[in-house]
Amino acid sequence: MLIKQKPSWYMPEHLATPEDVYFNRRQILGAMGIGAAAGVGIVPSLASAAIEGFPAPRNAKYTLDRAITDEEEATTYTNFYEFGSSKNIWRWAKRLKTDPWEVVIDGMVEEDITIQADALIRKLGDQEERLYRHRCVEAWAMAVPWTGVPLANLVKFAKPTAGAKYMQFETFLNPDIAPGQRASWSPWPYTEGLTIEEASSTLPLLATGLYGKAMPNQNGAPIRLVVPWKYGFKCIKSIVRITFTDKQPVSYWQELQGREYGFWANVNPDVPHPRWSQATERLLGTGERVPTQLYNGYAEECAHLYANMPQDRTLFF
Ligand SMILES: Nc1nc2c(c(=O)[nH]1)N[C@H]1C(S)=C(S)[C@@H](COP(=O)(O)O)O[C@H]1N2
Ligand SMILES: [Mo]
């Protein structure tokens with residue numbers, strides 16, 4: 001059944017209905033056995049272990065222009081719609097079992113790979129910590145120490161074939177533990193995409209940790225993307241599949257609302273969202289408002305990726 005009604009979370013946070021309204025309703029339906037969808041579980045596998053290596057050495061190249069966000073703020077104010085539409089879903093996300101965690105790499109690659117997350121990370125080289133700004137399209141921002149490995153290392157490891165141009169990333173699908181995924185109007189699982197060229201550049205991380213510890217479930221354990229010059233929705237959490245392709249992937253948000261959320265989604269203060277301005281951002285923790293920067297302040301390391309493309313608004317939504 002396709003419900004044509006506009007969900008509350010299409011709105012920017014300051015317009016959204018009080019937290020949990022939608023989510024609690026779903027919980028009640030769930031408890032009554034209504035609205036449960038047939039789910040594909042995470043395939044268990046025996047040879048597994050948690051990702052180790054925290055804290056990892058900090059890469060001194062990446063510095064901030066603002067204070068690091070308070071850890072409690074960054075780990076309790078989170079967007080993870082699989083667990084509900086409020087920012088306060090961290091308790092619910094504890095239900096996610098992240099060990100074992102199988103990851104599939106497929107599509108236009110020399111050979112499909114199925115591997116446990118911890119084994120994958122060990123194959124991708126030394127983990128490091130980087131301080132990055134994060135800018136959500138809803139105009140809140142944080143600055144946090146991520147742990148991870150360069151996504152470029154995964155591209156090399158995957159050995160894409162000659163015609164491959166894009167990567168599609170996919171989050172787990174399991175409505176039994178993630179009540180948000182019982183919403184039939186929503187195109188689960190969450191997916192995102194990058195060009196291979198973007199993924200191979202210096203900044204993107206396949207992140208495994210936050211604040212020098214293993215990634216909290218609510219922040220996308222065990223592995224998620226971090227792409228700091230793009231709006232936060234590109235930073236897909238709890239990845240189970242990475243597919244190389246020659247076609248530009250259509251993301252979860254594009255499918256839901258393609259006029260508002262595009263493929264490129266590069267941060268630009270001068271290109272407003274159709275329903276709100278992107279000129280400034282609110283810092284988690286302090287509530288301070290600061291100007292938003294082009295490419296979230298990372299132009300030097302990413303603008304070259306777009307030099308030969310039309311410099312119009314499609315690059316920035
Ligand atoms: N699978 C999945 N990934 C996701 C999301 C989500 O709802 N589901 N939300 C995105 C959005 S909108 C943002 S801003 C960031 C938030 O990351 P954080 O909660 O760790 O701050 O995760 C992104 N990744
Ligand atoms: Mo976001």
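Atoms within a ligand are numbered from 1 in the order they appear, just like the ligands themselves.
- Using modelled atom types and a 3.5 Å distance limit, the side chains of Glu82 and Asn174 yield no donor-acceptor pair.
- At most 12 heavy atoms of other shown residues, nucleotides or ligands fall within 6.0 angstrom of atom CD in Glu300.
- A donor-acceptor contact closer than 3.5 angstrom is absent between the side chains of Asn219 and Lys237.
- Annotation: ring pair (Phe, Tyr, Trp, His ring centres under 6.0 Å) contacts of Trp264 (sequence neighbours excluded): Tyr306.
- Scanning for side chain to side chain contact (heavy atoms under 4.5 Å, CB included) contacts around Asp270 gives Asn268, with sequence neighbours left out.
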Under 3.5 Å, which donor-acceptor pairs do the side chains of residues 144-168 form with other protein atoms, sequence neighbours left out?
residue	atom	partner	partner atom	Å
Asn153	ND2	Leu124	O	2.8
Thr161	OG1	Met108	O	3.3

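- For ligand 1, the 4.0 Å heavy-atom shell contains residues Thr78, Asn79, Phe80, Tyr81, Glu82, His134, Cys136, Trp140, Met142, Thr171, Tyr190, Asn219, Arg224, Gly232, Phe233, Cys235, Ile236, Lys237.
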